[in-house]
Amino acid sequence: MKPRHFLSLRDLSSAELNGIIKRAIALKSLQKEGVIYEPLKNKVLGMVFEKSSTRTRVSFETGIIQLGGQAIFLSPRDTQLGRGEPIEDSARVLSSMVDIIMVRTFEHSKIEKFAQYSSVPVINALTDLCHPCQLLADIQTFVEHRGDIKGKTVAWIGDGNNMCNSYINAAIQFDFQLSIASPQNFEPSKKILNRSKKHIHLAATPEAAATGADLVVTDVWASMGQEHEQTERIKLFRTYQVDETIMQLAKPDALFMHCLPAHRGEEVSDNVIDGAQSVVWDEAENRLHSQKALLEFLMGINYE
Ligand code: CP
Ligand code: NVA
């Protein structure tokens, strides 16, 4: 039987995604109560990282250990993948030994190929195209603070990047409105924007996007792999900072999120990220709980 993969939020149904969020909240409570729960005893998670990471690495590694399993960290510097061994060969070999694999890489086509040849579930831990694991944590965080996100309005302000693409998928799957404000030529691709006219709206300015929003989200102006564009992008994105003026246009109880790492003084002002509406630390912590729920789901653990 073909394994289920999580390469994008589109790989799971809305009901399955909502189930994972609910389960993430329950697993968080169990962990806070000190309950030992090890359904993945003796299972091994392979972790392939071709880009840097703090949150993703630590949350996956901690998550699998808490569930009773183990993790193996694999970087291109010390594996044959980094010396050009074909992706399909690496996927076949790794998946013959470990039980589940997460991959952080550049081109999305690479993870698609990896998944095609893997005999075990593959999780997208960020590609240039999308970052679905982060969205599980973001939705969990919203639900914990404000209840169901269905029918709410989210403002995305900044680069039309991998995180923005995942917000587009999330808007469709979790049924909320997404208003996107990106500088000219930095909007998400038309193909992705056109996935749902009902959920996605391109705003003319950051102010227009933020007005009346329940949640305001941003991300770095230059993603991993775009460091050489940083100076140029700072100039082009200058008017897209999420600051107090932007937050005041949102609903009075609006939340602020950022997947982190953040560049204070660029995409977000100090007083917003460190202010009362910011839930970025809960959002980061929830990477652990939501990915534990995802690991359970993909490994077919039945907890009901
Ligand atoms: N948000 C996120 O994925 O962080 P890391 O790059 O530290 O994993
Ligand atoms: N857009 C950012 C997200 C980092 C978690 C990047 O790809 O670098």
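As a basis for the values below, the full set of heavy atoms in this structure was taken, side chains included, without hydrogen atoms, waters or symmetry mates. Every number for a ligand or one of its atoms is a count from 1 in the order of the listing. In this chain, numbering begins with 1 at the start of the sequence shown.
Here the two rings, on Phe237 and Phe186, have centers that are under 6.0 Å apart.
Residues that satisfy the side-chain contact (heavy atoms from CB on, under 4.5 Å) test with Arg10, not counting sequence neighbours, are Ser8, Asn169, Arg195. Considering only residues two or more places apart in sequence or on other chains, Arg104 meets the side-chain hydrogen bond (donor to acceptor under 3.5 Å, both in side chains) condition with Thr56.
Here the heavy atom of the protein found nearest to atom 7 (O) of ligand 2 is Asn162 ND2, 2.8 Å. Counting only heavy atoms of the protein, atom 8 (O) of ligand 2 lies nearest to Met224 N, 2.8 Å. Atom 4 (C) of ligand 2 has as its closest protein heavy atom Leu126 CD1, 3.9 Å. Counting protein heavy atoms only, atom 3 (C) of ligand 2 is closest to Asp219 OD2, 3.6 Å.
Screening residues 204-215 for side chain to side chain donor-acceptor pair (under 3.5 Å), with sequence neighbours left out, gives Asp214-Lys251.
Near Asn161, with a cut-off below 4.0 Å to any heavy atom, the atoms of ligand 2 are 1 (N).
In this structure, Arg57 satisfies the cation-pi test against Phe73, with its NZ or CZ atom closer than 6.0 Å to the six-membered ring centre and inside 45 degrees of the ring normal. In this structure, Lys51 is positioned above the aromatic face of Phe106, its NZ or CZ under 6.0 Å from the six-membered ring centre and within 45° of the axis.
For the pair Leu260 and ligand 2, a heavy-atom separation below 4.0 Å is found.
Within 4.0 Å of ligand 1, protein heavy atoms belong to Ser53, Thr54, Arg55, Thr56, Arg104, His131, Gln134, Cys259, Leu260, Arg287, listed by chain and number.
When only interatomic distances are considered, the shortest N/O to N/O separation between Lys51 and ligand 2 does not fall below 3.5 Å.
Using bins of under 30°, 30° to 60° and over 60° for the plane-to-plane angle, the ring pair Trp156/Tyr167 lands in the tilted bin.
At a threshold of 4.5 Å between side-chain heavy atoms, the hydrophobic network of Ile, Leu, Val, Met, Phe, Trp and Tyr places Leu9 and Phe142 in one connected group.
Judged by distance alone, the side chain of Asn286 and the main-chain N or O of His289 form no donor-acceptor pair under 3.5 Å.
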